[in-house]
Trainee: 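Let me give you the structure first, and then I'll get to my questions.
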Amino acid sequence: MYNVKKITKDLSWVGANDRRLALFESVYPVPNGVSYNSYLLMDDKTVLLDTVDKSVNHQFFENIEHVLNGKCLDYLVINHMEPDHCAEIETIINKYPQVKIVCNSKTQQMIGQFFDINLSENQYVIVKEGDTLNTGNHELHFVMAPMVHWPEVMVTYDSTDKILFSADAFGSFGAVDGNIFADEVDYDHRYMDEARRYYTNIVGKYGVQVNALLTKASNLDVAIICPLHGYVWRKDLNLIIDKYKKWASYEPEISSVLIPYSSVYGNTQNCAEFLASELANLGVKDIKMYDVSVVHPSYVVADAFKYSHIVFASTTYNMEIFVNMEILLNDISAHNLQNRKVAIVENGSWAPVCGNKMSEVISKWKNTEIIGNKVCVKSSLKTEQAEELKILAKEIVQSM
Ligand code: FEO
């Protein structure tokens, strides 16, 4: 059965949820599923904005057919060529052979890479920055947004209803549960953490490019944001836009301490617990600890973007950084985190070497300062190192 949601009089959400997927992009756990959003504009000409992942194609085509209600599909706008949005292009062309593909030249090239589709040039409407498409009562404007998240990405602005089709930007992990608008759910409590985890892990590396898009979007009069994942924004747009400004600029959201640790037998955990408790005694609020062997790195990456200070506490393992901690540090490096204050705790029973190795990785992060002395623990926390952790806690607090 169809499952469509009205966004405006002329626009419907025709996307679908995947609630069975374990790992989005084969990397990120999505315990609450994920939505693949597609939008259908019913004007004198009909326009589909993006398709969906192949896993939800059955629902998607039921939705389109319900909204089209016998009309033909005139245009398919492709804002993003990643397969979670473009998987159904070929089927769309086969079902609606008269459809014209509206995309930029990079997208046209990628269509050839992903599919064996023979389209004549006149079946394409190739657009560039500032081009428009009139569909009757609506005028669509095309704005290039390279590297938000792939190089071919563009966003589409409907100046009639002031709607920004924002591609991956402003999206979130998590299926949409009946409601479609962010103001219909307790977004801040139920979804903001997942919006952060989605942004930081998927687009976090490209802060410069996201800022460029935010600047372009600030010149548009936007009333509604329609992203490719998660809820649609029609109220309090600054709730999400302000977050994006911080995330894209690598500005921490809170002044507090994140402590990711690895611990084989509990002794490094004991150091992390002792330090966290000292920080709390000194008045630090909202401290967060993660055992990096238990929690998927995407959650820690997200909080690394949120917190101003990070203390990495690791065991030495095979004369290296403990494997899960090394994965986390490399993941944070890959996502271009900057502007942080960091401290280091190492453990090792006979050759504690991971501290210097962690410093080497962290020293490459832009505008990131390593504060205090590295605390070196041999096997278990003793009085002398506990005193060093107390000093480190004070130095962290002084730097806040
Ligand atoms: Fe949701 Fe970059 O694709």
Side-chain angles (χ1 to χ4, degrees), residues 13-39 48-57 59-60 76-90 92 103-104 106-111 113-115 142-156 164-176 180 182 191 194-214 217 225-233 240 243-244 247-248 298 301-302 331 334-336:
W13 176 85
V14 290
N17 294 310
D18 187 344
R19 298 176 187 275
R20 303 179 73 183
L21 181 68
L23 296 175
F24 181 78
E25 291 189 357
S26 296
V27 181
Y28 306 106
V30 279
N32 299 310
V34 64
S35 77
Y36 301 109
N37 296 347
S38 169
Y39 303 92
L48 183 68
L49 293 115
D50 292 295
T51 75
V52 293
D53 188 86
K54 66 177 180 299
S55 61
V56 296
N57 59 3
Q59 177 76 72
F60 172 62
L76 168 62
V77 173
I78 304 172
N79 286 310
H80 187 13
M81 265 304 289
E82 193 164 7
D84 55 333
H85 309 294
C86 81
E88 295 308 313
I89 291 175
E90 192 165 12
I92 287 282
C103 66
N104 60 46
K106 282 199 187 81
T107 296
Q108 186 183 30
Q109 182 193 328
M110 282 191 180
I111 290 173
Q113 292 173 204
F114 276 104
F115 299 101
F142 303 103
V143 178
M144 301 303 122
M147 299 318 298
V148 183
H149 156 219
W150 279 18
E152 86 300 349
V153 170
M154 65 181 194
V155 300
T156 299
L164 182 66
F165 298 93
S166 62
D168 275 339
F170 307 112
S172 175
F173 292 134
V176 291
I180 192 63
Y191 293 97
E194 282 297 77
R196 182 186 300 102
R197 188 166 70 92
Y198 171 82
Y199 171 84
T200 55
N201 286 280
I202 305 295
V203 201
K205 181 182 179 71
Y206 305 110
V208 171
Q209 293 86 347
V210 173
N211 264 327
L213 175 60
L214 291 172
I225 298 174
C226 290
L228 285 175
H229 302 283
Y231 289 93
V232 170
W233 290 84
I240 192 73
K243 290 287 186 193
Y244 263 66
W247 297 337
S298 62
V301 167
D331 211 6
H335 289 91
N336 212 7

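These numbers come from a predicted model, not from an experiment. Ligands are counted one by one from 1 in listed order, and the atoms in each one are counted from 1 as well.
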Trainee: Could you pull out the closest heavy-atom pair between Thr107 and Glu152, with the gap in Å?
Mentor: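 Closest approach of Thr107 to Glu152: OG1-CG, 3.3 Å.
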Trainee: Can you list the protein N, O or S atoms less than 2.8 Å from atom 2 (Fe) of ligand 1?
Mentor: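 Hits for atom 2 (Fe) of ligand 1 below 2.8 Å: His80 NE2, Glu82 OE1, His149 ND1, Asp168 OD2.
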Trainee: Under a 3.5 Å distance rule, please check whether Ser35 uses its side chain to pair with a backbone N or O of Gly230 as donor and acceptor.
Mentor: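 Present.
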Trainee: So if I apply the side chain to side chain contact (heavy atoms under 4.5 Å, CB included) rule between Asp18 and each of Val30, Val52, Val34, Asp84, which one comes out positive?
Mentor: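 Option passing the side chain to side chain contact (heavy atoms under 4.5 Å, CB included) with Asp18: Val34.
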Trainee: Please confirm whether Phe173 and His229 have ring centers closer than 6.0 angstrom.
Mentor: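 For Phe173 and His229, the ring centres are not under 6.0 Å apart.
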Trainee: May I ask you to check whether Phe165 and His80 place their ring centers less than 6.0 Å from one another?
Mentor: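 They do not qualify: ring centres at least 6.0 Å apart.
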Trainee: Using side chain to side chain donor-acceptor pair (under 3.5 Å) as the criterion, point out the one residue from Asn104, Thr156, Asp168 that pairs with Asn79.
Mentor: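 Result for side chain to side chain donor-acceptor pair (under 3.5 Å) with Asn79: Thr156.
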